[in-house]
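The chains referred to below are lettered A, B, ... by the order of the sequence lines, with proteins before strands, and numbering in each begins at 1.
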2 protein chains.
Amino acid sequence: MNTPRKAPTMADVARLAGVSPMTVSRAFKRDSSVSEATRETILKAADEIGYVFDATASNLRSQKTDFVAVTIPSINNANFADTLRGLSEGLKARGLQTLLGYTDYDIQEEERLIEQLLRRRPEAIVVTGGRHTPRARRMLQNAGIPVVETWDLPEAPIGHVVGFSNALAVRGMVDHFVAQGLTRIAFIGGDADRDTRGSDRREGFIAAMRAQGLDPSRLIAAGAPPISMREGAAAMGRLLDTLPDTQAVICVSDLSAFGALTECQRRGIPVPDRIWIAGFGDYEIAEVSVPSLTTINPFPREIGARTAALLLRVMDGQQEGPATLAIHPQLLIRGSSR
Amino acid sequence: MNTPRKAPTMADVARLAGVSPMTVSRAFKRDSSVSEATRETILKAADEIGYVFDATASNLRSQKTDFVAVTIPSINNANFADTLRGLSEGLKARGLQTLLGYTDYDIQEEERLIEQLLRRRPEAIVVTGGRHTPRARRMLQNAGIPVVETWDLPEAPIGHVVGFSNALAVRGMVDHFVAQGLTRIAFIGGDADRDTRGSDRREGFIAAMRAQGLDPSRLIAAGAPPISMREGAAAMGRLLDTLPDTQAVICVSDLSAFGALTECQRRGIPVPDRIWIAGFGDYEIAEVSVPSLTTINPFPREIGARTAALLLRVMDGQQEGPATLAIHPQLLIRGSSR
DNA sequence: CTGAAAGCGCTAACAA
DNA sequence: TTGTTAGCGCTTTCAG
């Protein structure tokens with residue numbers, strides 16, 4: 001398992017192939033001008049001595065790392081995972097590798113992470129959300145590389161933006177429920193300051209209810225993010241105990257919405273006959289559960305894909321100035337609300 | 001957003017602080033011997049000119065990257081995400097950063113990925129599963145760094161192992177069902193060659209049924225991995241159509257098991273009264289769903305945590321020779337099977 | 001505790 | 001198409 005002797009370098013390959021190190025270097029690039037015969041000899045020689053290209057040296061000399069740094073709140077979340085897939089898929093086509101870190105929904109942790117990531121000299125950085133510590137903002141601004149904020153529409157963007165308004169998305173759901181004649185609507189989640197997107201969604205709920213002239217005070221805290229199915233169930237229990245006349249509940253995510261649904265099932269409360277439930281995110285479970293869950297699809301995969309495409313344009317110099325790409329979340333009315 | 005002038009280097013910091021670059025270098029290490037006063041001056045100077053430590057140069061000169069490469073089949077899977085969390089948490093304590101890649105459950109893609117990752121000169125590599133292409137095996141063997149295979153107990157390990165036998169875990173479930181008096185037991189999933197763990201689980205099912213003298217032919221294909229809830233539901237539909245007298249079904253994962261459960265709910269087939277359902281993985285949904293799902297907990301988080309601990313021992317030279325750490329999956333009997 | 005010299009392995013820049 | 005020279009920004013090594 002361990003190779004005792006030193007790893008071979010390009011110089012070793014060059015010697016064996018009877019060429020200069022520079023030619024070996026060229027042979028390992030895609031588009032370089034090396035004769036097919038020479039390239040083959042070189043690659044065979046490299047294979048023979050078990051040469052592995054050393055990116056650390058290449059990075060330093062060329063001042064290019066082919067890294068794109070990415071911070072997401074959690075790896076264990078299908079929405080962010082989808083964004084990451086869309087992003088890394090799009091970047092892979094250009095030989096760019098995502099350098100991932102997760103913040104645990106904590107902007108202090110995000111600050112530490114950004115500092116660590118920037119040391120690796122990424123060629124761009126993609127962060128989730130539009131709220132950061134002052135020092136994190138400063139580091140991003142001074143990094144000298146493209147910055148993209150996602151999953152939000154910040155008022156004062158640092159650079160590029162690919163996202164949507166969490167508040168407005170929830171307003172769409174409230175307005176739909178009100179149009180259906182409901183008035184006693186509750187919201188589960190988004191109580192913790194840490195949960196920036198969750199808080200935005202709750203604020204959006206409150207603003208929308210106020211705009212409709214309705215009571216926005218049916219708010220159930222569900223703890224710090226990530227809010228689990230279990231916490232959704234517990235929150236639903238509290239809602240049913242304290243405000244039993246509630247007609248509909250909007251949950252901060254599909255996971256908590258599903259938990260809420262199961263709590264109703266355990267208590268024998270029919271959904272949607274007695275109460276409507278809505279989630280957020282269009283996770284797979286929202287489509288599969290019985291009943292299926294009304295939700296909002298923020299197109300996580302597209303956020304990633306469009307971010308990748310934007311970055312490629314920026315790196316090609318085809319993008320003048322900072323771009324803000326607005327994603328339009330889609331309301332999906334399903335079995336849990338009709 | 002873009003810094004036009006070149007990024008400052010240690011030399012710039014040194015000049016401003018009135019010391020040599022070497023002293024700046026020492027000031028940026030934790031344990032280095034620099035007087036507190038000097039260190040403070042240096043860090044202030046660095047902050048002033050917006051200096052960011054350049055890991056690419058450090059990596060090359062010191063021949064250390066503080067990277068640990070990790071391959072997982074998919075980021076969008078709670079089990080692997082948990083392993084990754086346990087792993088990266090454990091490594092972070094020592095300043096090691098995980099360099100992540102995902103294989104899409106494809107060992108060809110894994111081969112490409114391993115090659116890319118090794119170019120970054122990680123100090124160890126952790127792969128999921130024990131089946132690899134011959135070239136991937138060779139690259140891992142010759143990499144000269146610790147290698148850990150996880151989520152499996154390979155017959156011929158490359159280096160270290162932290163995992164369990166997928167086949168034996170499923171056998172435990174089969175034996176439990178048989179002990180409860182069931183004989184007509186089916187298996188959903190694991191048909192595609194690509195799905196190494198899924199195939200192992202199916203083979204384990206077949207072997208266990210044979211050992212019990214029972215018919216192991218109730219096998220429902222569910223497509224290539226990852227097998228979704230939707231595919232689990234479709235497979236359950238086929239099972240109910242073709243083998244309606246089946247008494248219990250073991251699914252390759254909790255996600256497909258939940259899909260199967262919903263299909264029963266849509267058809268009005270009571271679970272567990274008419275048919276038992278079991279999954280694999282102890283995902284959150286298995287505990288929350290109604291009824292809750294009988295499953296097997298393979299302790300994904302522990303796999304990651306123990307892998308991290310093992311790697312730290314190896315790097316400290318406290319581990320002689322390759323280790324195999326066996327994880328013992330736990331049978332969880334829940335509402336879907338009683 | 002601090003500094004000077006050298007070089008990690010590759011590639012930009014220039015030359016042939 | 002191929003080669004030569006120099007140097008990316010840090011840290012090892014050795015010296016004080």
I'd like a table of donor-acceptor pairs (distance under 3.5 Å, sequence neighbours excluded) in which one partner is a side-chain atom from residues 44-54 of chain B, with atom names and distances.
| unit_1 | atom_1 | unit_2 | atom_2 | d |
| --- | --- | --- | --- | --- |
| B:Asp54 | OD1 | B:Thr56 | N | 2.9 |
| B:Asp54 | OD1 | B:Thr56 | OG1 | 2.6 |
| B:Asp54 | OD1 | B:Ala57 | N | 3.4 |

Hey, can you pull the donor-acceptor pairs under 3.5 Å for the side chains in residues 315-324 of chain B, sequence neighbours left out?
| unit_1 | atom_1 | unit_2 | atom_2 | d |
| --- | --- | --- | --- | --- |
| B:Asp316 | OD1 | B:Arg94 | NH2 | 2.5 |
| B:Asp316 | OD2 | B:Arg94 | NH2 | 2.6 |
| B:Gln319 | NE2 | B:Gly321 | O | 3.1 |

Could you pull out all donor-acceptor pairs under 3.5 Å where a side-chain atom in residues 143-150 of chain B meets a protein atom, sequence neighbours excluded?
| unit_1 | atom_1 | unit_2 | atom_2 | d |
| --- | --- | --- | --- | --- |
| B:Glu149 | OE1 | B:Ile158 | N | 2.9 |
| B:Glu149 | OE2 | B:His132 | NE2 | 2.9 |
| B:Thr150 | OG1 | B:Val127 | O | 3.0 |

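Between the NZ atom of A:Lys6 and the C1' atom of C:dC8 there is a distance of 9 Å, rounded to whole Å. Rounded to whole angstrom, the span from the CG atom of B:Leu60 across to the P atom of C:dA6 amounts to 18 Å. Between the C1' atom of C:dG7 and the CG atom of B:Asn59 lies a distance of 16 Å, rounded to the nearest Å. Residue B:Glu36 contributes atom CD, which lies 10 Å from atom P of C:dT2 at whole-angstrom precision.
Within 4.0 Å (heavy atoms only), A:Tyr51 reaches sugar-phosphate atoms of the nucleic acid but no base atom. A:Ser35 comes within contact range of the sugar-phosphate backbone alone, with a heavy-atom separation under 4.0 Å but no base atom that close. Contact annotation for B:Thr38: backbone-only contact, meaning every heavy-atom pair under 4.0 Å involves sugar-phosphate atoms and none involves a base.
For B:Gln97, the side chain to side chain donor-acceptor pair (under 3.5 Å) partners at least two apart in sequence or on another chain are A:Arg120. With sequence neighbours excluded, no residue satisfies ring pair (Phe, Tyr, Trp, His ring centres under 6.0 Å) with A:Tyr102. Not a single side chain to side chain donor-acceptor pair (under 3.5 Å) links A:Gln116 to another residue, sequence neighbours left out. Under the side-chain contact (heavy atoms from CB on, under 4.5 Å) criterion, A:Asp193 pairs with no residue, sequence neighbours left out. Annotation: ring pair (Phe, Tyr, Trp, His ring centres under 6.0 Å) contacts of B:Phe80 (sequence neighbours excluded): B:Trp151.
Among all heavy-atom pairs drawn from B:Ile75 and A:Ala81, the shortest one is CD1-O, 3.7 Å. When all heavy atoms are compared, the tightest approach of B:Leu99 to B:Leu117 is CG-CD2, 3.8 Å.
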What N/O pairs connect the protein and nucleotides 12-16 of chain C at under 3.5 Å? Give each pair on its own line.
| unit_1 | atom_1 | unit_2 | atom_2 | d |
| --- | --- | --- | --- | --- |
| C:dA12 | O4' | A:Arg61 | NH2 | 3.2 |

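For the salt bridge (charged side-chain N to carboxylate O under 4.0 Å, His left out) condition, the pairs that include at least one residue of residues 72-85 of chain A, sequence neighbours left out, are A:Arg85-B:Asp104.
Place B:Gly18 and A:Val24 on DNA chain C by their nearest nucleotides, and B:Gly18 ends up nearer the 5' end. Toward the 5' end of DNA chain C, the nearer of the two residues B:Pro21 and B:Arg121, judged by each one's closest nucleotide, is B:Pro21.
OP1 or OP2 of C:dT11 has at least one side-chain nitrogen or oxygen of A:Ser58 nearer than 4.0 Å.
You can see that DNA chain D meets the heavy atoms of chain A within a 4.0 Å-exclusive cut from D:dT1 to D:dG9, reading 5' to 3'.
Contacts between residues 40-48 of chain A and DNA chain D, defined by a heavy-atom separation under 4.0 Å, are absent.
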